[in-house]
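Everything numeric in this text was worked out from a predicted model, so none of it was measured. Numbered from 1 within each chain, the chains take letters A, B, ... in sequence-line order.
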Amino acid sequence: MNLERLPNEEKLSLCRKYYLGGFAFLPFLWLVNVVWFFREAFLKPAYTEQLQIKAYVKRSALGLLLWVAVLTTWITIYQHFRAEWGEVGDYLSFTIPLGIP
Amino acid sequence: MNASDSDEDIYNERSALVRSESPALPSYIPDSDLTPPNGTPTKRLKVSFRSESLQCFVPTRPAALTPSEEEELTLKYGAKHVIMLFIPVTLCMVVVVATIKSVSFYTEKTDQQLIYTPFTENTSSVGRRLLNSVLNTIIMISVIVVMTIFLVVLYKYRCYKFIHGWLILSSLMLLFWFSFMYLGEVFKTYNLAMDYPTVGVIIWNFGAVGMICIHWKGPLQLQQAYLILISALMALVFIKYLPEWSAWVILGAISVYDLVAVLSPKGPLRMLVETAQERNEPIFPALIYSCECVHCSRSAPINNGSAACLMFVIVSSDQKRHKLRNKTLACFVFWTDGLCLTLLLLAIFKKALPALPISITFGLVFYFSTDFLVQPFMDNLAAHQFYI
C-alpha cells in the first residue's frame, strides 16, 4: 500500500484505525503506525489533516514506550526469579531450560 | 490513470492466504493482450492465484505504446523482475536453511505424516519405497486437482464469502499456530526459559498484525516480509512431514500438472480466468507478492503468487540436510536460470505461462546429475589434491 497515492482523509482514517487497534494489546501495531506515518506526520509540508495524524503518531509512540517498559520489567523479573518461584515459575513457563545453570 | 487504477486494484481485492491443507494450484497468467472491442486501454487483470507450491506471473502494462517501446520495456522488465523476485525467494531460503541448520526439530524424522501422504517410506525394499512414493504423489495431486476445481466452481457460482472465509481461516492457522510451534522449537533449541504471558503477547502481535497487513491495508514491505516468513514456515512443515522420495515425485508431478492446467483449454484455472474476464473483475486474489517497480516510469507491478519458491526451498533445504553444498548451490543457480528463462519467455510470448516447469526441470536434472557427474569429479580432484 502506497501512502503517496491516498487522499489525505484516507491517510488520517488509516492512522486513526491503527492507533485504535493498538489498544487491543497490540504494541506492534503502534510501532507500525509510528514508522509508517512518521514521514507523513513530521517530514511532509503541512496540510489540514497533518495535525491530527501527528497527534496519533505521538500517542502511538507513547503507548509503545509504555508497553516496552512493562514488558522489559516483566521479562527481567521472570528470568531472574523463575527458579526461585518453584511451582508457580514452572506453571508460568512455556519452555523450561534443561541442565544445571 | 491506469497506473493508480492498477495499484488500487491490488489493494482493494486484497490478498488472502490459502490454508496449508488446501491444494497447490497451478499457475496461470492471463493473456495480457486482450483489449475490449472498443479499443479502450486494457484493464489490467491482477490474476494471481496462490498456491503453496505454484507460482503465477502476472505482467501488467498500461496500454497504448508503440511496438518498439513495448519490446524494449518488456525486456527491461524481464531483467528487473528477475531481480525483484530473486530477493524474496532468496530470503525465504535463507530463513529456512538457517532454521534447519539450528533447530533440529524440523529434521528429526518422525513417523507422523500428512494425511495426504499416507504411505510410509519406511519400507525395506527400494521397489516398495518407490511404489509408495508414487502412490503418495497420486493422492496429493488428486487432492490438488479436486480442490482447484472446487475453488473454480465456488468462484463461478459467486460464493465469494465462502472463499474469503476459507482463506482467512488458513491464514489464521499459519500466522498463529505454526509460528507458535516454531517459536517453541527455537526456544528449546537455545535452551531459553520463556513464560506464557510473553509468548502470548508475541504471538498475538505477530499474528494480528500479519492478518491486518495481508487481508486489509498495511505497508508494502511489511506485507512482503510476512509473506516470506509464512512461506518459510510452510516449507518447514513440509520438510518435516513430507517423506523424501514422495517430495521428489510430487515436485515432478506438479510441474507437469502446471503445464497441463495452464496450457490446455479445459484447465480449471483457464476457466477461472475466463470467468473473471467475462465479469471484468480481478480474480480472487490469493497470496500476491507484489513487486512494485517504484523506479519505473510506468508503474507496473508484477504479482507473483508467492511460495512457489516453497518447493525449491524444500528441495534446497533437503540438500542442506545431507550436507552437500555443491548440490544446493547448483540447484539454486539453475533455479535462477529457470526463473530468468521463464520471465524471458513471458515477455516474448506475452501469454499465460506456467511458472514452475522450467525451474523445476532444471533443478531436478541438475540435482541428480551432480550426484552422478560432479561429485565423483570433485572426489577425484580431492583424491589427487588438485585444487581448482
Rounded to the nearest 0.5 Å, how far apart are [atom1] of [X] and [atom2] of [Y]?
X        : Y        : atom1 : atom2 : answer
A/Thr95  : B/Glu185 : OG1   : CD    : 10.0 Å
B/Lys188 : A/Ile96  : NZ    : CD1   : 11.0 Å
B/Asp195 : A/Asp90  : CG    : CG    : 12.5 Å
A/Glu10  : B/Lys217 : CD    : NZ    : 5.5 Å
B/Thr198 : A/Gln79  : OG1   : CD    : 8.0 Å

#### Entry: Distance-minimising heavy-atom pair for A/Tyr18 and B/Pro219
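Nearest pair, atom of A/Tyr18 first, then B/Pro219: OH-CD, 4.1 Å.
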### Under 4.5 Å from a heavy atom of chain A, the part of B/Leu192 involved
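Just the backbone, heavy atoms under 4.5 Å.
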What part of [X] gets within 4.5 angstrom of chain B, counting heavy atoms only: side chain, backbone, both, or neither?
X       : value
A/Leu3  : neither
A/Leu29 : both
A/Leu98 : both

### Query
Among B/Asn205, B/Ile202, B/Leu183, which has the most heavy-atom pairs under 4.5 Å with chain A?
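Among B/Asn205, B/Ile202, B/Leu183, the one with the most close pairs to chain A is B/Asn205.
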### Query
Just wondering, do A/Phe25 and B/Val201 contact through their side chains at under 4.5 Å, heavy atoms?
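No, every pair of side-chain atoms sits at 4.5 Å or beyond.
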### Message
Just so I know, are the side chains of A/Lys17 and B/Trp216 near enough to count as touching, which here means a heavy-atom distance under 4.5 Å?
### Response
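Counting from C-beta outward, A/Lys17 and B/Trp216 do come under 4.5 Å.
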### Query
Any donor and acceptor pair, going by atom type alone, linking the side chain of A/Trp74 with main-chain N or O of B/Pro197 inside 3.5 Å?
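Not at all, since once roles are kept as given, no pair shorter than 3.5 Å links the two residues.
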### Query
Has A/Leu51 got more than 12 heavy atoms of other residues, nucleotides or ligands less than 6.0 Å from its CG?
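Counting neighbours around CG of A/Leu51, 12 or fewer heavy atoms of other residues, nucleotides or ligands fall under 6.0 Å, so no.
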### Query
In this structure, are over 12 heavy atoms from other groups packed under 6.0 Å from A/Trp85 atom CH2?
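Counting other residues, nucleotides and ligands, CH2 of A/Trp85 exceeds 12 neighbours.
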### Message
Once you measure the plane-to-plane angle for A/Phe94 and B/Tyr196, does it fall in the parallel (<30°), tilted (30-60°) or perpendicular (>60°) bin?
### Response
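Ring orientation, 0 to 90° scale: tilted.
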